Structures are given as structure tokens and as C-alpha cells.
Number of protein chains: 2
Amino acid sequence: MNVMNDSPRRKELTRQAAQLFVQEGFDRTTVRMLAQEMGIKSGSLFHHFRDKQEILAAVIEEGTQNALAIARETLQQCDSTPEARLHAMARAHLETLLTDRNAHVVALYEWRRLDTEARDHLSHLRDAYEALWEQVIDEALAAGLIHGDRFLVSRFVMGALNWTVRWYDPSGPRSPEDLARELVAMISSPAA
Amino acid sequence: MNVMNDSPRRKELTRQAAQLFVQEGFDRTTVRMLAQEMGIKSGSLFHHFRDKQEILAAVIEEGTQNALAIARETLQQCDSTPEARLHAMARAHLETLLTDRNAHVVALYEWRRLDTEARDHLSHLRDAYEALWEQVIDEALAAGLIHGDRFLVSRFVMGALNWTVRWYDPSGPRSPEDLARELVAMISSPAA
DNA sequence: GGGTCAACCAAGCAAGCGCTAGTGTAAACG
DNA sequence: CGTTTACACTAGCGCTTGCTTGGTTGACCC
């Protein structure tokens with residue numbers, strides 16, 4: 001009955017839930033599993049969250065808020081050339097995907113499990129994030145760094161980046177920096 | 001007790017299951033829902049499939065087999081220039097994603113729900129498909145049509161293409177042909 | 001030192017789950 | 001003709017699910 005605050009306790013529980021959601025998927029994760037992971041009994045869980053869906057929403061919100069904040073900060077700090085901004089966004093995206101991996105994997109895989117209300121709220125957050133991308137891509141298009149349809153290009157880039165959660169191994173030889181550089185090089189037109 | 005044949009009946013049931021798996025997700029789709037969609041009772045379902053997991057495996061296998069067959073056929077029929085082959089593969093991929101959408105969405109989203117046995121079997125199929133892609137990309141790299149790390153480039157391209165299931169609207173103004181052309185243009189180096 | 005409050009627990013309910021057992025039936029087969 | 005085979009049915013078992021209820025604990029407050 002305590003719902004909707006954001007106490008530190010709740011944040012910690014959300015983090016642990018994300019871990020389980022990634023391992024098992026949302027539907028296969030039972031409230032009993034969640035409770036055990038959190039070190040409490042299943043009934044106590046509903047003191048912090050109204051229902052199971054709200055836990056999912058909390059996980060996704062946390063991840064998206066972080067990504068948005070980091071992207072904004074990154075854009076303010078980097079050089080103002082279109083290439084530098086494009087590269088910085090890609091690197092920030094990949095680094096968030098890495099440090100906050102659980103939350104983002106959940107957001108990508110379990111989005112459809114959200115109820116209408118939560119989805120409405122969270123899609124605004126996601127739209128704000130994608131707007132940043134489209135802005136950077138517009139700049140790159142205007143500068144002739146890349147060519148093509150802005151809608152398609154941004155979708156292709158987002159796809160390439162988000163797909164990394166399926167194959168990227170953080171302990172491997174390639175850093176997020178490497179990936180970002182390679183991606184920007186791939187879509188840039190050297191003729192420009 | 002009839003399991004593992006591939007009667008036309010079973011194929012039709014598989015197609016209907018794919019539809020439901022996309023709408024609801026594998027875990028939320030109950031055998032009773034599947035049976036109702038198929039016009040039979042839940043018990044009868046286990047005459048055609050050993051268990052619920054086998055339905056999932058059948059759906060994914062169907063989609064992957066089709067994609068592989070179409071890709072092979074496409075490669076045999078198209079021009080032999082690296083650019084034509086790259087474009088043809090992209091278009092074939094997108095068209096399969098469109099005509100066989102349900103099965104592919106299931107394959108992308110519900111892969112992790114497969115048990116070990118089925119995953120082993122199906123990952124061989126998927127590897128064969130991806131090998132075709134890597135071959136085409138190798139040719140494009142060798143011809144100087146594109147540049148970069150072959151591993152990263154193929155992952156980025158697969159990501160951009162697979163991500164289309166999230167946003168592509170077949171009833172919209174853009175055809176798979178359009179998308180394929182735009183993608184190839186985006187990653188090609190005009191300087192070459 | 002009585003009151004408040006967040007945090008937790010024990011117990012369990014109602015509903016739904018995957019799957020099985022046993023049976024019926026109509027077409028196909030030898 | 002009798003037998004087999006494919007496909008469907010009814011009925012329900014054993015278990016798990018998300019969530020509720022009513023109560024306990026200990027830290028903090030005026």
C-alpha cells in the first residue's frame with residue numbers, strides 16, 4: 001500500500017528485479033522468485049509495488065531515465081562537429097547498454113508486457129531519447145557527413161546499436177569506443 | 001503420441017500458433033488459447049505436438065527454413081556484382097520478414113524460451129543463414145564496396161534489418177525494395 | 001511512553017496452468 | 001469384413017500463479 005514513491009530501498013529492489021527479468025524473462029519470473037532474490041517474502045513485495053507489472057515499469061523507467069540523462073550530458077560536453085556528436089551519441093548509447101545492461105535488455109525485450117498506462121508514460125521518455133538521435137542525425141545529414149532518408153537512417157542506426165545486446169561481449173577485445181568508431185565510419189560518406 | 005511428422009495439418013496449426021505467439025508472447029499463450037484458435041480442444045493439441053515447447057520450435061523452424069531457402073534462391077538468381085548481391089540479400093531478408101512476419105517475430109523474441117535440444121538444432125539453421133550473409137559481406141569488402149571489420153559490419157547490418165520488425169509498416173509508402181536500396185546506399189563507400 | 005509508520009511475515013485463496021488418461025469415430029487399409 | 005490409424009473429445013489431476021489479509025516488529029517523534 002506504499003506504492004509509487006522512489007525510496008532507495010525501492011531502487012535497490014528494482015535493480016535486483018531487472019537482473020531476474022533478464023535471466024528468466026518477465027513472465028517466467030514469479031513474485032516468489034523476485035522476493036527470494038530480494039531477501040524478503042513474496043507478500044512483502046506488494047508493500048513496495050502495487051503489482052508485478054509496476055516492477056517491470058520501474059525497471060524500464062530507471063534504465064530509460066539514465067540513458068536520457070547520459071545522452072544529454074554527452075552532447076553538451078563533446079565537440080560540436082557533426083561527426084564528433086554522432087560518434088559521442090553512439091558511444092554513450094553503447095556504454096549505457098553496457099553499464100545498465102539489465103534494465104535495457106528488459107526494456108528491449110519486455111516492452112510489450114507493459115500495460116497501456118505504463119506504456120504511455122514510458123513511450124514519452126523513449127521519444128525524448130530518440131528525438132536527440134534524430135537531431136544529431138539531421139545535423140550529420142545537413143553537413144553532408146551521411147546521406148539518405150532521415151527516418152530510415154535513424155531507424156537503421158538504432159537497430160544496429162540496439163542489436164548489440166544480442167552479441168556484444170564486454171569482456172572481449174572490442175570496447176564501446178571501438179564499436180562506435182566503426183559504426184560511424186560505416187555510415188559516413190568519405191566522399192563528402 | 002503422433003509427434004514429429006510434418007503433415008499439412010500440423011503446418012497449418014503451426015501457422016496459427018505463430019500468430020498467437022506474436023500477439024501474446026509464448027509464455028502468456030496458454031494451450032487452451034492455442035486450441036481455441038485452432039478450432040479444437042486443448043487435449044487434442046497433444047496429438048500433434050509432444051508439448052508446448054515443441055510448438056514453439058516448429059514455428060521457429062518453419063520461419064528459418066523459409067528464410068534460408070529464399071536467400072539461397074535469391075543469390076542464385078541475382079547479378080553477380082557485390083552490390084547486386086548485397087542488395088538482393090537485404091531485399092530477400094526484408095521480404096521474408098514481411099511475408100513470414102509472425103514466425104520471424106517469434107524467432108527474434110522467443111528464442112530464449114527454447115529448450116537446449118531445440119536450440120541446438122535450430123542454431124545450426126540460423127548459422128547457415130548468417131553464413132550466407134557473411135559471404136556476401138566478404139565479397140563487398142573485397143571489392144571495396146564497403147569498409148571495416150567484417151564481423152562488426154555484418155552484425156550491424158543484421159541489427160538494422162532485424163530491427164525493422166519493430167517499426168516497419170507494410171501498408172506504408174515504403175517497400176522492402178526501398179529499404180534495401182537505402183540500407184545498401186548507407187553503408188556503401190561512394191569513393192570506392 | 002503512547003502513537004505513528006515503513007517494512008516485513010505467515011497463511012492461504014481463487015484462478016489458471018500444462019498435460020494425461022481413457023474413449024469415440026470415421027476414413028483407409030489388407 | 002475386421003483392423004488399424006488419425007484426429008478429436010471429456011474430464012480432471014497436481015501444481016503454480018499473482019495477490020490479499022491480518023498481524024508483528026522496531027525505529028523514530030513529540
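Protein chains get the first letters and strands the later ones, always in sequence-line order, with residue 1 at the start of each. Quick caveat: nothing in here was measured; it's all calculated off a predicted structure.
The distance from atom CG of A/Leu13 to atom C1' of C/dA7 is 11 Å, rounded to the nearest whole Å. Rounded to an integer number of Å, the gap from B/Ile55 CD1 to C/dG18 C1' is 11 Å. Going from atom CD1 of A/Ile40 over to atom P of C/dC9 covers 6 Å, rounded to whole Å. The separation between B/Leu45 atom CG and D/dA8 atom P is 10 Å, rounded to whole Å. Rounded to an integer number of Å, the gap from CG of B/Leu34 to P of C/dG16 is 17 Å. Computed from coordinates, the A/His47 NE2 to C/dC9 P distance equals 12 Å when rounded to whole Å. Here the C1' atom of nucleotide D/dC7 and the CE atom of B/Met38 are 14 Å apart, to the nearest Å.
In this structure a side-chain-to-backbone donor-acceptor pair under 3.5 Å is present from A/Asp149 to A/Phe151.
Relative to the side chain of A/His48, the nucleotides D/dA8, C/dA7, C/dC9 differ in distance, and C/dA7 lies closest.
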Review item, nucleotides 16-20 of chain D N/O atoms under 3.5 Å of protein N/O:
residue : atom : partner : partner atom : Å
D/dG18  : OP1  : A/Thr29 : O            : 3.4
D/dG18  : OP1  : A/Lys52 : NZ           : 2.8
D/dG18  : OP2  : A/Val31 : N            : 2.9
D/dG18  : N7   : A/Arg32 : NH1          : 3.0
D/dG18  : O6   : A/Arg32 : NH2          : 3.0
D/dC19  : OP2  : A/Lys52 : N            : 2.8

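Between B/Glu54 and B/Arg10, at least one side-chain N (NZ, or NE/NH1/NH2) sits under 4.0 Å from a carboxylate O, which counts as a salt bridge. A salt bridge is defined here as a Lys NZ or Arg NE, NH1 or NH2 lying under 4.0 Å from an Asp or Glu carboxylate O, and B/Glu12 with B/Arg9 fails to meet this definition. Salt-bridge check for B/Glu134 with B/Arg155: passed, with a basic side-chain N closer than 4.0 Å to an acidic carboxylate O.
One distance of note links CZ of B/Phe156 with CH2 of A/Trp167; it measures 5.0 Å at 0.5 Å rounding. One distance of note links CG of B/Leu98 with CG of B/Asp169; it measures 9.5 Å at 0.5 Å rounding.
OP1 or OP2 of D/dA8 sits under 4.0 Å from a side-chain N or O of B/Arg9.
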